[in-house]
Structures are given as C-alpha cells and as structure tokens.
Amino acid sequence: MTDPRPVIAAIRDGRRLDGPGAALIAQGLANGSVSDAQAGAFAMAVLIRGLDEEGRVALTRAMRDSGQLMRWDLPGPVVDKHSTGGIGDTVSLILAPLLAARGVYVPMISGRGLGHTGGTLDKLESIPGFLCDQSQEQFQTIVGNIGCAIVSATGDIAPADRRLYAIRDESGTVESLDLITASILSKKLAAGLDALVLDVKEGSGALLRKGNSTRALAEALVRTANGAGCRCSAFVTDMDQPLAQSAGNALEVAEAIAVLRGKKGALRDLTLALAREVLTLAGQGAEGLDETLESGAAAERFSRMIAAQGGPADLLERPEAYLARAPVVRPVPAPSGKVSEIDVTALGHVVVALGGGRTRAGEQIDHRVGLDRMARLGDEVGHENPLGFVHAADDVGAEIAIRAVQDAYQIAQDAQSGPLIRHRVDADE
C-alpha cells in the first residue's frame, strides 16, 4: 500500500496505528509522497484520537528509520540526555564531558533556542570558533577520541520529524503528547543510543506547566523509548525557578565552566543526578561522580571537546578572554523580603527581548546579553541584595529589562523552594 489515506482514516475512526502504516506515513513525510494536507490531517487525527502505546512505538521507530541511523563500534556504552527545555538549563555542557570522563560515549545532537527557552547550540556558539555543524565522520571521530561531542542535526537525521514538526506548527497540533513523544525520541534514537535519561521540566518555565500533563509526557517518553529498544528513564524536575543563576548564552557558558571548576548549586546537583541515572541504565558504576567532577577530569574532557570543535584550547582557564561581555550591566532593585514566586517564562522572554533569543527561526542573536546572579525561591532580597543583574546592549534595553524582571518576581516575608527532582519514572514502569 502506498496511499496514506486509509492510515489517516483508521486513526480518525479510532483504530490503531500499526508498523506498516507508521512506516508509510514516515517515509512519505521524508520523501514528499505524503502531501501537506495529508500530513496535517494525520497530525489532527492523532491529536484528537490519540495513539496507544504500540502506536507511539511504531511511529517513533518509523520516524527514526526515515533517515540515517548512526552505528557505533566503541569500547563502552553510547548514552545521552534530553531536556524538554527551561531557563538556565546548561546541564549538557557539564554532563557530556562528565560522562565521557567515566568511560561512556556521548554523541549529543542538540538544538537551537526558539521561544522563551535557550538552545544548547546557541550557547556553544558564543565561544569563538566553535563549530556545531560537523559531518558524520567528524562527529564520530570526535566522540571516539574524546568521548563526547555536541553538534547540530544533519538533514539526514529523522527527516520525517523535521517535516512533521513544521506541519504541526501550522496545523495547530503542537500539543499532541503522541507527536511530541515521537518527535523527541526519533531524533535521539537515530543516534544509536544504548541508554537515555530524560529531564522533563515542570513549573512556570516549562513547556507543559501542569503536573498531570508533565508526568504523562514523562511516562509516554520512557515507555516509548524502552519499547523502541533503548533503555530509558526520566526525572520530572523543578522549573518554577531557573536551574542556574544565569540566563543568556555567554553567561550560561561561563556558569557551566564555573561548575566544572567546582561551583556548587542546583545546576551541579541535577547534572550529577542525571549522570548517575544514565550510568546505571547503561550498566556502569555510578559511584564517585562527585570526585570525577572535583578532580578536573570532566573539565579536561570539556576543554578537549571545545578545541576539537574549533574553539580555544584554553577556554576553561581564561573564559573572560573569549566570552563577550555586554556593555551595560545593571542591578535589578528589589523590595525587602523573600522571593516567594517567579514567572520563569517571563524571565525567558526578557532574555529574548534583550536580543539573546529568537522569536522566529533563523534570527541572529546577541550572545552577550542576558541575566545573571538571579535570586532563587526563598532568597532574601532588598537594598543590598538585588533580584539579579541585567546584561544589555544599551541603557534603554537595560531599563526595560529591569522592569520586566521586577514584574516576574513576587516578594513575601516568608517563602521557600521545593524539591529539585519532583518525580522519577523508572525504566521498568
């Protein structure tokens, strides 16, 4: 069968999506034999009717197999992490070299920021000379030699997802749990992983803010990945406050370097928790990860990865010499009290408005701008302790950003933060 209409009609009428039907849709998306109208109808049918677990696995596999699959011949497991996005989430820059220092291999295919969340590739491109675009041969060589690399996806990786992603945006079907699941996992599983850990954000800065929706997504991702043959588990983590104290590309790279050099805090804590989880999934020992970080072994891998991808070899030792600084840095005044609530999405929009993010794909960004030393839930603020600092291209932008940051924070006389990890979805659930 080559006609996608019976497959679309079956989903519309509440019947299941099987392997051959999913393969027909995915290959048709990749080669153009499925029209835009048919793709939109398929996406809408999935949104309204939903897929069962077998259907999600079938669609994920078919989208994964619509393009190139990476094969590895390495003396250790191949693993990765995926986050659903947030503010101040620079885990990848620390996690990849940390895991590489423990003898596993991390071929990390990452994306750019769009909307209020930042992108790993944009952060890395604030490093002079760093090249995210690598050929498959270069990518595999860097991973084999160093243990990790962070690159952009080529057009050959899950092309069905690239086409369906655009159709979902145009057809009002972005929020389909089944299509989100297949989109995330098809790209990750095309990288030939043995194990995958997922960080699903929950809270005011998350893609899905409500707890039930977030946990349903985490469970769907874990079950689908395991059904498709990749050992996987997930954490549902706090995004009611920024993960790090910085938001903005060069500022977040600087904070990641600070963690690699010993800085404590939530960013380090979550990185270590995710590293332990994926090492356990891969059948590796997870003891002594703190020591691996503190010894400088992860920092050394980070430096080698940056140099191998075109960046300066001494970035870790001299970040201030390479990471551009904004010309205007201003504190954000605060009334006396404790931080009781943060609109994290609003903080992300502040960074975008400063020029540090995009409102549409392809826009140029200013890597210098953003926020740093941001107050966290429960922190004492006031005359001596601002809400944070704005890094802007000019005084006008700084003033606008200061007012927006003030609006994003609520101050009370008594407040405290919740747990960093809110829920865990086990690989065997």
Side-chain angles (χ1 to χ4, degrees), residues 83-91 115-118 199-215 235-248 251-252 255 258-259 263-271 273 328-354 356-357 369-392 397-424:
S83 169
T84 58
I87 305 303
D89 183 355
T90 320
V91 166
H116 75 279
T117 62
D199 178 9
V200 182
K201 302 297 187 185
E202 178 179 276
S204 69
L207 174 67
L208 300 173
R209 298 191 182 193
K210 296 179 180 178
N212 290 341
S213 299
T214 302
R215 296 181 191 197
F235 290 147
V236 175
T237 66
D238 173 37
M239 194 39 67
D240 276 324
Q241 59 185 330
L243 178 57
Q245 289 186 282
S246 302
L251 292 167
E252 290 186 54
E255 186 155 4
V259 173
K263 181 181 178 180
K264 305 295 195 294
L267 178 59
R268 172 192 167 106
D269 292 344
L270 182 57
T271 301
V328 179
V329 180
R330 299 270 298 278
V332 182
S336 296
K338 289 187 176 182
V339 176
S340 60
E341 187 176 337
I342 307 171
D343 185 341
V344 182
T345 294
L347 293 180
H349 287 309
V350 171
V351 176
V352 174
L354 285 166
V369 302
L371 309 170
D372 82 330
R373 289 164 281 177
M374 292 183 287
R376 298 178 62 78
L377 291 171
D379 283 357
E380 290 272 5
V381 295
H383 180 68
E384 299 295 329
N385 300 305
L387 293 173
F389 290 79
V390 168
H391 295 241
E399 283 297 328
I400 295 171
I402 286 169
R403 290 194 293 272
V405 171
Q406 289 172 327
D407 289 343
Y409 276 82
Q410 299 294 318
I411 309 301
Q413 294 308 305
D414 188 27
Q416 60 184 8
S417 62
L420 179 59
I421 297 173
R422 298 180 173 183
H423 183 66
R424 179 177 179 274

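The analysis underlying the following values was restricted to heavy atoms, covering all of them including side chains, and did not include hydrogens, waters or symmetry mates.
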key: Heavy-atom closest pair, residues Ala375 and Val381   = CB-CG1, 3.9 Å
Over all atoms of both residues, closest heavy-atom pair of Met239 and Val344 = O-CG2, 3.6 Å
task = Would you check if Arg268 and Lys263 make a side-chain contact, meaning some heavy-atom pair closer than 4.5 Å?
result = no
note = For Ile342 and Pro242 the tightest heavy-atom approach is CD1-CD, 4.3 Å
query = What do the steps show when you test His391 against Arg330 for side-chain contact (heavy atoms from CB on, under 4.5 Å), and what is the final call?
reply = CA-CA 7 Å; His391 295 241; Arg330 299 270 298 278; over 6 Å; no
key: Distance-only polar pair, side chains of Asp89 and Ser83, donor-acceptor under 3.5 Å   = yes
message = For Ile411 and Leu387: C-alpha separation, side-chain torsions, deciding distance, then whether side-chain contact (heavy atoms from CB on, under 4.5 Å) applies.
response = CA-CA 10 Å; Ile411 309 301; Leu387 293 173; 4.1 Å; yes
message = Looking at Thr345 and Ser204, would you say the former's side chain and the latter's main chain have a donor-acceptor pair under 3.5 Å?
response = yes
query = Taking only residues two or more places apart in sequence, or in another chain, which ones meet Asp240 in a salt bridge (charged side-chain N to carboxylate O under 4.0 Å, His left out)?
reply = Arg422
inquiry  = Treating Asn385 as the side-chain partner and Gly382 as the backbone partner, does any N or O pair qualify as donor plus acceptor under 3.5 Å?
reply    = no
message = I'd like to check Gln410 versus Val339 (side-chain heavy atoms, cut-off strictly below 4.5 Å). Are they in contact?
response = no
query = Within 45 degrees of the axis of the six-membered ring of Phe389 and under 6.0 Å from its centre: does Arg373 put its NZ or CZ there?
reply = yes
remark   = Distance col, row Thr237:OG1 vs Lys201:NZ, nearest 0.5 angstrom, shows 3.5 Å
task = Might you work through the side-chain contact (heavy atoms from CB on, under 4.5 Å) test for Leu251 and Leu371, ending with a clear yes or no?
result = CA-CA 8 Å; Leu251 292 167; Leu371 309 170; 5.8 Å; no
request  = Indicate yes or no: at least one non-hydrogen side-chain atom of Val390 is less than 4.5 angstrom from one of Val329.
outcome  = no
message = Could you report the tightest heavy-atom contact between Glu380 and Lys338, atom names first, then the distance?
response = OE2-CE, 3.2 Å
ask   = Is the shortest heavy-atom distance from the side chain of Met374 to the side chain of Tyr409 under 4.5 Å?
value = yes
For Glu255 against Ser246, the heavy-atom pair lying closest together = OE1-OG, 2.7 Å
ask   = Atom CG in Asp379, atom CD in Gln241: separation rounded to 0.5 Å?
value = 8.0 Å
task = Tell me, please, which residues at least two apart from Thr84 pass side-chain hydrogen bond (donor to acceptor under 3.5 Å, both in side chains).
result = none
remark   = Minimal heavy-atom distance between Ala266 and Leu420, with the atoms involved, is O-CD2, 3.7 Å
task = Find the distance between CG (Asp238) and OG (Ser417) and round it off to the nearest 0.5 Å.
result = 7.5 Å
query = Side-chain contact, heavy-atom cut-off 4.5 Å: Ile402 with Pro333?
reply = yes
query = Is there a side-chain contact between Asp372 and Glu252 (heavy atoms, below 4.5 Å)?
reply = no
request  = Determine whether Leu377 and Ser340 make a side-chain contact, defined as any pair of heavy atoms from C-beta on separated by less than 4.5 Å.
outcome  = no
Leu243 side chain near Val91 side chain, heavy-atom distance below 4.5 Å = yes
request  = Identify, with sequence neighbours excluded, every residue that meets side-chain hydrogen bond (donor to acceptor under 3.5 Å, both in side chains) alongside Thr271.
outcome  = none
